[in-house]
Protein chains: 2
Amino acid sequence: MKHKIDESDRIILDHLQNDAATSIHALVDSTGLSSASVQRRLKRLRSDGVIDREVAILDPEAMGQKMTFIVMVELERESLDQLDAFRRKIEKEPHVQQCYYVTGDADFILICLAPDMKAFEELTHRLFFKNQNVRRFHTNVVMSKTKTGLSVPI
Amino acid sequence: MKHKIDESDRIILDHLQNDAATSIHALVDSTGLSSASVQRRLKRLRSDGVIDREVAILDPEAMGQKMTFIVMVELERESLDQLDAFRRKIEKEPHVQQCYYVTGDADFILICLAPDMKAFEELTHRLFFKNQNVRRFHTNVVMSKTKTGLSVPI
DNA sequence: CGTGAAACCAACATCTA
DNA sequence: TAGATGTTGGTTTCACG
């Protein structure tokens with residue numbers, strides 16, 4: 001459970017979060033460990049949840065999702081029930097890519113994808129305007145993405 | 001280059017963005033296509049950049065990055081040079097996971113990771129306080145992550 | 001459908017903190 | 001003593017032709 005991550009682990013993880021298909025042989029080369037040892041470490045890193053999952057990153061543009069929006073949402077009432085209700089709604093909405101519950105003026109910050117403005121407007125209707133518990137929301141349109149990904153500093 | 005994505009592609013991509021290690025056989029089953037066809041499609045999806053890359057998602061907590069911050073940054077002057085300079089700085093900073101250039105009050109919105117408050121404070125010094133061109137910045141601390149990932153709606 | 005490469009797994013001896 | 005390592009070898013899986 002408690003996983004002490006040493007230098008070799010770091011090397012392995014650094015490779016994998018750039019390319020999940022890195023061969024064991026390549027990891028053997030860069031760590032200096034044996035193949036068996038690398039395999040054991042990999043297994044542990046996965047089962048301990050250090051490696052959460054391995055996924056393909058798709059290009060949103062190519063998938064027709066040409067626009068990205070960052071939305072700050074302020075709720076009317078912040079009871080636990082209301083928060084959960086909102087979360088559940090978000091969970092089911094594929095156009096919301098990320099959702100953070102935060103301190104400060106806003107309650108939630110969302111990152112949304114949509115094919116165009118019209119689609120986004122419809123999304124805001126579904127999620128916010130029709131939702132009594134949303135006091136207000138504020139949208140920033142993304143002009144360009146300087147950095148994406150979910151890389152963790154090693 | 002221009003990639004027309006049909007229903008079978010969608011099925012394939014949907015699987016892969018949940019699990020990059022999905023076997024070709026599994027894709028054959030869910031698409032009804034032949035093994036060869038799935039392989040061809042896969043190859044094209046990759047070379048056309050629809051599949052940008054395949055990566056391991058690490059658990060930030062397990063890596064000692066227990067805190068997440070969302071930072072709105074407003075620049076002093078928005079000349080192209082200034083924007084690029086800022087971008088370059090961000091690019092090199094591993095603790096900045098994502099960076100978006102946006103419309104609205106803020107110029108940039110960042111998502112940052114740090115082990116603790118102290119480390120984040122140091123980050124703000126490096127990136128913002130010491131930077132003449134940053135007029136102001138505003139931080140939201142993430143209390144919980146309702147939704148993470150970079151999944152694209154299919 | 002067959003083939004070869006790679007990943008997987010188990011067993012055992014060694015080393016050391 | 002408990003845990004991690006390297007070696008070996010056998011088995012399985014899977015992509016690819």
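All values below come from the heavy atoms of this structure, side chains included, with hydrogens, waters and symmetry mates left out. It should be emphasised that the depicted structure is a prediction, and the values quoted were computed from it without experimental measurement. Each chain gets a letter, A, B and so on, in the order its sequence line appears, and its residues count up from 1.
Mapping A:Lys43 and B:Ser35 onto DNA chain C by nearest heavy atom places B:Ser35 closer to the 5' end of the strand.
Counting only residues at least two apart or on different chains, the ring pair (Phe, Tyr, Trp, His ring centres under 6.0 Å) pairs with a member in residues 61-106 of chain A are A:Phe69-A:Phe120, A:Phe86-A:Phe108, A:Tyr101-A:Phe108.
Distance CD (A:Gln39) to P (C:dA11): 15 Å, rounded to an integer number of Å. Between the CD1 atom of A:Ile12 and the C1' atom of D:dA4 there is a distance of 13 Å, rounded to whole Å. For the pair A:Glu7 CD and D:dA4 C1', the computed distance is 17 Å after rounding to whole Å. When the P atom of C:dA7 is taken as reference, atom CG of A:Leu42 falls 10 Å away, rounded to whole Å. Atom CG in A:Asp48 sits roughly 15 Å away from atom C1' in D:dA4 (whole-Å rounding). Summarising the geometry, the separation between CZ on B:Arg46 and C1' on D:dA15 is reported as 11 Å, rounded to the nearest angstrom. Protein atom CG of A:Asp9 is 14 Å distant from nucleotide atom C1' of D:dG3, rounded to whole Å.
A donor and an acceptor atom sit less than 3.5 Å apart, one in the side chain of A:Arg40 and one in the base of D:dG6.
With hydrogens and angles left out, the side-chain atoms of B:Asn133 and B:Gln82 include a donor and acceptor closer than 3.5 Å. Checking A:Arg87 against B:Ser144 by side-chain atom types alone, a donor-acceptor pair falls below 3.5 Å.
The ring pair (Phe, Tyr, Trp, His ring centres under 6.0 Å) check on A:His125 picks up A:Phe129, with sequence neighbours excluded.
Heavy-atom distances under 4.0 Å link DNA chain C to A:Ser23, A:Ile24 of residues 13-31 of chain A, given in residue order.
The nucleotide whose nearest atom lies closest to any side-chain atom of A:Arg44 is, among D:dT5, D:dT7, D:dA4, D:dA4.
Between the SG atom of A:Cys99 and the NZ atom of A:Lys89 there is a distance of 13.5 Å, given to the nearest 0.5 Å.
The existence of a salt bridge linking B:Arg10 and B:Glu7 is confirmed by a sub-4.0 Å separation between a basic side-chain nitrogen and an acidic carboxylate oxygen.
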